[in-house]
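In what follows, a structure is listed as C-alpha cells, so that the remarks can point back to it.
We use all heavy atoms of the structure for the numbers below, so side chains are in, but hydrogens, waters and symmetry mates are not. Order of the sequence lines fixes the chain letters, A, B, ..., with proteins taken first and strands second; residue numbering starts at 1 for each chain.
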Amino acid sequence: MHVAAPPVVARTRRPGVIIAMAVVLLSSMVAALALGAVSMPVGSVLEVVGRRLGVADADVSLLDDQIVWQLRLPRVLGAAATGAGLALVGAVLQSLTRNDLADPYLLGISGGASVGAVMVIVLGVSVAGITGSAMLTAGAFAGALAALLVVLLLASDRTGALPPARTILAGVAVGQICAAYTAFVVIMSGDSDAARRVLSWTLGSLAGVRWGSAIFLVVVTLVVAVVVMAFASDLDAFAFGESAAGSLGVNVSRLRWLLMVVTALLTACLVSYTGAIGFVGLVVPHIARMLIGVRHHRLLPASALGGATLLVWADTAARSLVSSQEIPVGVVTAAVGAPVFAVLLRKARKRA
Amino acid sequence: MRVDVRAVSWGVGGRRIVDGVSLTCEPGTVTGLLGPNGSGKTSLLHVLSGLRAPAEGAVLVDGRDLHAMDARTRARRVALVEQHASTDLDLSVREVVELGRIPHRGRWPAGAAEGGEAIEAAMRIGRVAELAGRRWQTLSGGERQRAQLARALAQEPATLILDEPTNHLDLGHQLDFMRTVRGLGLTTIAALHDLDLAAAFCDRLVVLNAGRVVAQGPAADVLTSQLVADVYGVTAHVERHHRADRLHVVWER
C-alpha cells in the first residue's frame, strides 16, 4: 500500500513568527496605554513615553503624563510580565510533567496564596507594622511558599525524585485544603465586604501594580525566562518520557527539582501581586504549540510573548469595558481565551 | 567500544531485580539478552544505559566507569532505544531524530542548528530519510522503531542498547530491523523475546532468570532444550534448521 506523504509542515520552522509576536506585543502595549477611561491619541502616548525616556522633546500636559506614565505604564508592564511569566511557567510544567492540564498553580501555589490573602483581608493579620496592600502581597507570598513546601514534601519519593503523578496529586490535595480553609474563614467572618474582596483577589487584578511592583515583576520574569531558556534542549528531551530524557543525558531528577522550584517561586511572586489569574498559563502554551511547534527554544519565547499580549489586552478590557468598575482580569482571560482556544482546537482536529 | 559489566546489582526497596550480573561485550558485537518477563532485562538495560546507578558493581565502557561520567558525555557514548516509545506531542520524524543531538549541544545559543550531517546520516542509515517531514503520530510501528533507531544513531554512540526493539513489529519488519542493527557495526546489547531471532542475529547470548545470569555464550552453546525448560518452563527441542543453517526452537503445545 502506498500512502502519499502529506506535505511537509513547515510550521515548526516558520521564520519570523517570534519577531512578529514581539511586534504585536509592543503595539498592544502602546495601544493599551492609549485606551481606558480617558482615551488619547497614540501620538500623545508616544510623546509622553519619549519625553520620559529622554528621546523626544515634546510638550506634554501634566495630566497626560500622569495618566500614561504614572498610572497606565506600570500596569501595562506588570500585565505583560505577569502574562509572560504565567505562560512560560505553564509551558515548562506541561513539558516537565507531560501533562496537558498542568498550569502554574499545579503545586498548590494559588491555594496557598489565597490562604495568606484571606488571613490578611479577613483576619487582619499584620506583621512588623506592614499594612494594606504590602501586607496582602507579603501574606499571599508566604502562603504560596508554605503550600509549595508542603506539596514538595508530599510529592518527593524515597529516592528524593519528584514523580509527576505524585506531584500533581499532592498539589490537588494541598489546593483542596487551602480552598476549604479559605471558604471557612470567609463564611465564618460574616463580613460580606471581606468576602467580595477575597473573591475579587482570587480572580486576579492588576489594579494595584505601581512602578515598584512593575519593575519587580518584569525583573523576576526575565530572570526566570533566562533560566528556563538555558534548559530548552533538556525540556525537548522529555518528548518521549523521562527514561528517554535520561538516556539523552538529562539529569531528570535534578532538572525537575530545579525547574519546579524556580517556576513555583516565579508563580508565587506573580500571584502575590496580582492574585491567581487563571487560563493564561494553561492555554497559551497550547496555542503556542499549535502555532509554532513543540521545540522549546521557540515554544518558550512564543508562549511568553503570547501570554504577555493576552494579559495586556485582558487587563485593558478589565479596566475600560465597564465604566467606574473593574472586571476581575481572570474573568476576562477566560471569557476571551476560551473561545479562541476552542476554535484552534477545532482547526487542529481538521488538520490531524 | 568494549562493555564490561562487573558483578552489577540493582534493586528497589530491598528487593534485588538485577543480582550480580557480569558479562563482557567485545567491540562491534551484538549481544542478545534473553529471559522471561520480570527476569530483570529492562532494569539491567537501564543500568547499562546509565539511567540507574548500580547498588553494587560497575559498568566499564572502554575501561571507564559509565556511572562516573557526566550525563551528557555518557549519552554521547551509549544510546538507548526503548521498546515502545510514545508521545502526545506533534513531532516530525526529523524533529524526533534531532533529539539525538541534545547531548552534543551546548546551552547557548538555545536551539542552535548543530549536527546537520549527523542527522542526515542517521536518517539515511535508519532508512527514515524519505519520512523526514511525516508526523510521528501518523507512522506505523515499524517506521516509529526506525525513527527511534535513527534518533539513537544521531547521538553518534559507540554502544547501542535496545529494549525488545522488535516487540511490536511484524516478521518482515523484525528481520529488517535486526539486519539494519547488525549492519551498524556498533557494540549492541538487545533484549529479545524471540529465541530464533536472537540465535540468528546475535554473536553471543546472555540469559537472565530472576535477575541472575544463568547462561552466556554463543547461541549454539546457550540455547538448549534444558535451558528453555529451566528458564521458560516450556518443553522444546532446539534444532539446527537444515536449510537456513540456523538454530530453531520448536516448542511443544
Side-chain angles (χ1 to χ4, degrees), chain A residues 1 3-13 18 94-95 98-100 157-159 161 225-255 286 289-301 348 351-352, chain B residues 12-13 42 45-46 49-52 69-82 84-96 98-112 114 130-138 140 148 151-152 154-155 157 161 163:
Chain A
M1 189 180 71
V3 180
V8 177
V9 184
R11 147 176 75 96
T12 47
R13 285 168 205 284
I18 305 256
Q94 284 165 8
S95 298
R98 294 183 89 206
N99 188 321
D100 283 349
D157 63 15
R158 267 179 307 191
T159 61
V226 170
V227 172
V228 297
M229 276 304 285
F231 291 97
S233 280
D234 299 61
L235 288 167
D236 285 343
F238 277 81
F240 288 93
E242 62 181 279
S243 44
S247 78
L248 288 170
V250 175
N251 190 327
V252 172
S253 184
R254 200 171 61 190
L255 184 76
H286 289 300
R289 245 177 241 114
M290 290 174 190
L291 292 178
I292 211 164
V294 298
R295 297 283 303 277
H296 287 82
H297 65 281
R298 292 163 60 73
L299 174 66
L300 295 176
R351 198 186 59 228
Chain B
V12 270
T42 296
L45 292 184
H46 280 186
S49 48
L51 293 178
R52 289 166 184 166
M69 284 179 198
D70 161 75
R72 281 181 186 245
T73 311
R74 194 189 69 220
R76 291 194 293 265
R77 287 182 168 69
V78 181
L80 169 70
V81 175
E82 296 181 280
H84 195 55
S86 71
T87 183
D88 292 333
L89 299 178
D90 183 25
L91 290 156
S92 71
V93 169
R94 194 190 163 86
E95 286 174 319
V96 171
E98 280 173 354
L99 292 176
R101 297 310 294 173
I102 289 173
H104 292 268
R105 251 186 239 147
R107 291 229 174 283
W108 302 104
E114 182 276 340
E130 71 283 5
L131 303 175
R134 282 272 299 278
R135 316 310 296 179
W136 168 265
Q137 310 295 352
T138 69
S140 72
Q148 285 297 330
R151 185 269 305 152
Q155 289 174 245
I161 312 266
D163 191 359

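Rounding to the nearest 0.5 Å places CG of B:Leu45 at 11.5 Å from OG of A:Ser243. A:Asn251 contributes atom CG, which lies 10.5 Å from atom CZ of B:Arg72 (distance to the nearest 0.5 angstrom).
Counting only heavy atoms from C-beta outward, the side chains of B:Asp90 and A:Arg289 never approach each other to under 4.5 Å. Looking only at side-chain heavy atoms (C-beta outward), B:Leu99 and A:Phe238 stay at 4.5 Å or farther from each other.
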request  = Start with the C-alpha gap between B:Arg105 and A:Asp234, add the side-chain angles, then the distance that decides, and say whether salt bridge (Lys or Arg N to Asp or Glu O under 4.0 Å) holds.
outcome  = CA-CA 10 Å; B:Arg105 251 186 239 147; A:Asp234 299 61; over 6 Å; no
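A:Asp236 and B:Ile102 get closest at one heavy-atom pair: CB-CD1, 4.0 Å. Considering every non-hydrogen atom in both B:Ser86 and A:Arg98, the closest pair reads O-NH2, 2.8 Å. Residues A:Phe240 and B:Ala85 approach most closely at CD2-CB, 3.7 Å, considering heavy atoms.
Across B:Asp88, B:Thr87, B:Leu91, a single residue satisfies side-chain contact (heavy atoms from CB on, under 4.5 Å) together with A:Val294, and that is B:Leu91.
Note: B:Leu89 leads B:Asp70, B:Leu89, B:Val81 in heavy-atom pairs under 4.5 Å with chain A.
Remark: side-chain polar atoms of A:Ser247 are not paired, donor with acceptor, to backbone N or O of B:Ala79 under 3.5 angstrom.
Looking at B:Val78, only its backbone comes within 4.5 Å of chain A, counting heavy atoms on both sides. With a threshold of 4.5 angstrom between heavy atoms, B:Arg74 approaches chain A through side-chain atoms but not through N, CA, C or O. Residue contact with chain A, scored on non-hydrogen atoms closer than 4.5 Å, involves the side chain of B:Gln148 exclusively. Residue B:Arg151 touches chain A through its side chain alone, counting heavy-atom pairs closer than 4.5 Å.
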